[in-house]
Amino acid sequence: MTDQQADATRELPDPNGEDLPEQMRIRSEKRARILAEGKAPYPIEVERTHTLAQVRADHAELETGASSGEIISVAGRVVRFRDAGKLCFAVLQDGDGTQLQVMVSKNGVGDEALAAFKADVDLGDFVSAHGEVISSRRGELSVMADSWAMASKALRPLPVLHKEMSEEARVRQRYVDLIVRPAAREVVKTRASVVRSLRDTFHSHDFTEVETPMLQSLHGGAAARPFQTHMNAFDIDLFLRIAPELFLKRAVVGGIDRVFEINRNFRNEGADSTHSPEFAMIEAYQAYGNYNTIGDLTRELVQNAALAVAGSTTVVLADGTEYDLGGEWRQITMFGSLSEAAGREVTALTERAELVELAAEHHVPVQDWYSPGKLAEELFEELVVPDLYAPTFVRDYPEDTSPLVSAHRTTPGVTEKWDLYVRSFELGTGYSELVDPVVQRERFVAQARVAAAGDDEAMRLDEDFLRAMEYGMPPTGGMGMGLDRLLMAITGLGIRETILFPLVKPE
RNA sequence: GGGCCUCUAGCUCAAUCGGCAGAGCAGCGGACUUUUAAUCCGCGGGUUCGGGGUUCGAUCCCCCGGGGGCCCA
């Protein structure tokens, strides 16, 4: 055995071993015994005529203690088990969270099958039962079994159902979290509803969904550190994309006038309660649109998603507070709001030295390579962002930090770009896209200088993208929004709760 | 990157000043034909995250490492 193999097996419990935790050992032994008795712990098929929800719906009116006369088969995971001698109660749970009680009695199934039920079934097992739908003496809708069968034997015990698992256990073993915590299942459904709503809204405005490369020889479209990988066949280094932007714009050049993509981006940065190294992104480009029209679209996307999930543009967050996403949203400018917060006039034309002084006053750390625009943004994040609770479009960002955006049509030194803030975090961004290939080339060259000066988030020159733009790109509005963050905005959950299987350090 | 907190049974958590490592649920054996986190009787279950140190003695104190969380940058 190699060292690697030894590593791989070290943590794996030996199914026949003596060093298993007691409860796993007992379950493994039961599995072996069931096989030895000629029964199947994992049958390919079990009888199931109704889902648990169907039974509940069909017999909602059944009176306490009554019998329905209907004979059916149900199956599900055993989440509660009680043995009262010649009668056993097992509560089955379906994937949708619906639970239904099964009663297995001496009269119903006979001595042998009752004894097997007690001996074979543990919490967590999948079991099927055949029998009449009845209501118990206490009014609990039940299936009074005349036969039962193991559907799938669980080898690991479930955690207690009455307390939530620790946050780490929930994230590392989401499959268990999903079994025992209804809210975990709910988030999965909520996310699906949001994605569906986004697509519906895009389609209602005649947008076309595309998929663009995730493996790119040149990463671009955003300021972020990429993941690197290698392609053996071409012997070239590749990057996992940090944004789909440059390819979606190529699509617009080609005449896909309204285009969107909902897919994963990868950024080789930290992971905390608002950042995940892989995250789902919504991007859209609208020919003959601009940052105003794309802002309207973004608001519609968010509000429709809230309606789809909550039935209202006022959503209830995880902490129980209400949050209003409805109506028109506040619009402020970056430099206007910064001036107000700083108590003095700051514009895109303010000298770097004055900004450095202002940064010192407010204890904002400054790097040598910071441009005036970068300085202004750092100040804005410190002085203004913490107060942006209600949905707010912040407009007109500095030119030197927005290399893919058109210069503002009237205000010097800024671009037609907005950032959307919700509860003080950045939910999305939108631009009047830069479509002049000559200016675009100048911006790329300037970015290359910034990169050389030490900003490893700066963009690289993308010659093929410039070639595409040189064929002519119509005036275009573009937007981007993090799907995970949209979920956070609507539900109030942390990012690791909105992602089904978030990245965690190996155990 | 820095600071603070945390890691104990399958799960959730206790353990006083450094002195036999515990509870609830889960599990095992027994009783019970209507239970709703059933009840009653009895019983097991631990690499206290890993490694080192101090000590007669370490879950506890010290050092190194790892996982998780919070705050700061």
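Chain letters run A, B, ... following the sequence lines, proteins first and then strands; every chain starts at 1. In what follows, every heavy atom counts, from backbone to side chain, and hydrogens, waters and symmetry copies are set aside.
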If we take the [atom1] atom in both [N] and [M], what is their distance in whole Å?
{"N": "U16(B)", "M": "C49(B)", "atom1": "C1'", "value": "25 Å"}
{"N": "G57(B)", "M": "G1(B)", "atom1": "C1'", "value": "40 Å"}
{"N": "C5(B)", "M": "U47(B)", "atom1": "C1'", "value": "25 Å"}
{"N": "U48(B)", "M": "A58(B)", "atom1": "C1'", "value": "11 Å"}
{"N": "C71(B)", "M": "G24(B)", "atom1": "P", "value": "36 Å"}
{"N": "C28(B)", "M": "G10(B)", "atom1": "C1'", "value": "14 Å"}
{"N": "C72(B)", "M": "G18(B)", "atom1": "P", "value": "33 Å"}
{"N": "C61(B)", "M": "U6(B)", "atom1": "P", "value": "9 Å"}

In this structure, how many angstroms lie between the [atom2] atom of [N] and the [atom1] atom of [X], rounded?
{"X": "E168(A)", "N": "C49(B)", "atom1": "CD", "atom2": "C1'", "value": "11 Å"}
{"X": "K30(A)", "N": "G10(B)", "atom1": "NZ", "atom2": "P", "value": "17 Å"}
{"X": "D83(A)", "N": "U33(B)", "atom1": "CG", "atom2": "P", "value": "10 Å"}
{"X": "R156(A)", "N": "C11(B)", "atom1": "CZ", "atom2": "P", "value": "10 Å"}
{"X": "L20(A)", "N": "G45(B)", "atom1": "CG", "atom2": "C1'", "value": "14 Å"}
{"X": "Q367(A)", "N": "A73(B)", "atom1": "CD", "atom2": "P", "value": "14 Å"}
{"X": "I179(A)", "N": "C11(B)", "atom1": "CD1", "atom2": "P", "value": "14 Å"}
{"X": "E382(A)", "N": "A73(B)", "atom1": "CD", "atom2": "P", "value": "7 Å"}

Quick check against the 3.5 Å criterion: does [X] have a side-chain atom that pairs as donor or acceptor with the backbone of [Y]?
{"X": "R174(A)", "Y": "I499(A)", "value": "yes"}
{"X": "D96(A)", "Y": "T98(A)", "value": "yes"}
{"X": "R485(A)", "Y": "E426(A)", "value": "yes"}
{"X": "S193(A)", "Y": "K189(A)", "value": "yes"}

Could you let me know what [N] is paired to, Watson-Crick or G-U wobble, both distances under 3.5 Å, or none if it's on its own?
{"N": "C32(B)", "result": "none"}
{"N": "C60(B)", "result": "none"}
{"N": "U12(B)", "result": "A23(B)"}
{"N": "C17(B)", "result": "none"}

For a quick check of understanding: with a heavy-atom distance under 4.0 Å over all strands, which category does [X] fall into, base, sugar-phosphate or nothing?
{"X": "Q101(A)", "result": "base"}
{"X": "K163(A)", "result": "sugar-phosphate"}
{"X": "K505(A)", "result": "sugar-phosphate"}
{"X": "R27(A)", "result": "nothing"}
{"X": "L123(A)", "result": "sugar-phosphate"}
{"X": "S166(A)", "result": "sugar-phosphate"}

Distance test, side-chain N/O of [X] to OP1/OP2 of [N], below 4.0 Å:
{"X": "R138(A)", "N": "U36(B)", "answer": "yes"}
{"X": "R172(A)", "N": "G68(B)", "answer": "yes"}
{"X": "R496(A)", "N": "G69(B)", "answer": "yes"}

Which nucleotide in the set [options] lies at the smallest distance from any side-chain heavy atom of [X]?
{"X": "V160(A)", "options": "C25(B), U33(B), U34(B)", "result": "C25(B)"}
{"X": "E22(A)", "options": "U34(B), G27(B), A37(B)", "result": "G27(B)"}
{"X": "E140(A)", "options": "C25(B), U36(B), U34(B)", "result": "U36(B)"}
{"X": "H162(A)", "options": "G27(B), C25(B), U35(B)", "result": "C25(B)"}
{"X": "K106(A)", "options": "U34(B), G10(B), U33(B)", "result": "U33(B)"}
{"X": "A169(A)", "options": "U12(B), A73(B), G27(B)", "result": "U12(B)"}

Do the non-hydrogen side-chain atoms of [X] and [Y] ever get within less than 4.5 Å of each other?
{"X": "H50(A)", "Y": "E70(A)", "result": "yes"}
{"X": "L379(A)", "Y": "E382(A)", "result": "no"}
{"X": "Q99(A)", "Y": "V91(A)", "result": "yes"}

Let me know, please, whether P365(A) or M103(A) comes out on the 5' side of the other along RNA chain B by nearest nucleotide.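 Result of the comparison: M103(A).
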
Closer to the 5' end of RNA chain B via nearest nucleotide, is it G108(A) or D122(A)? D122(A)

Side-chain donor-acceptor contact under 3.5 Å, E140(A) with Q101(A):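 No, no side-chain donor-acceptor pair sits under 3.5 Å.
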
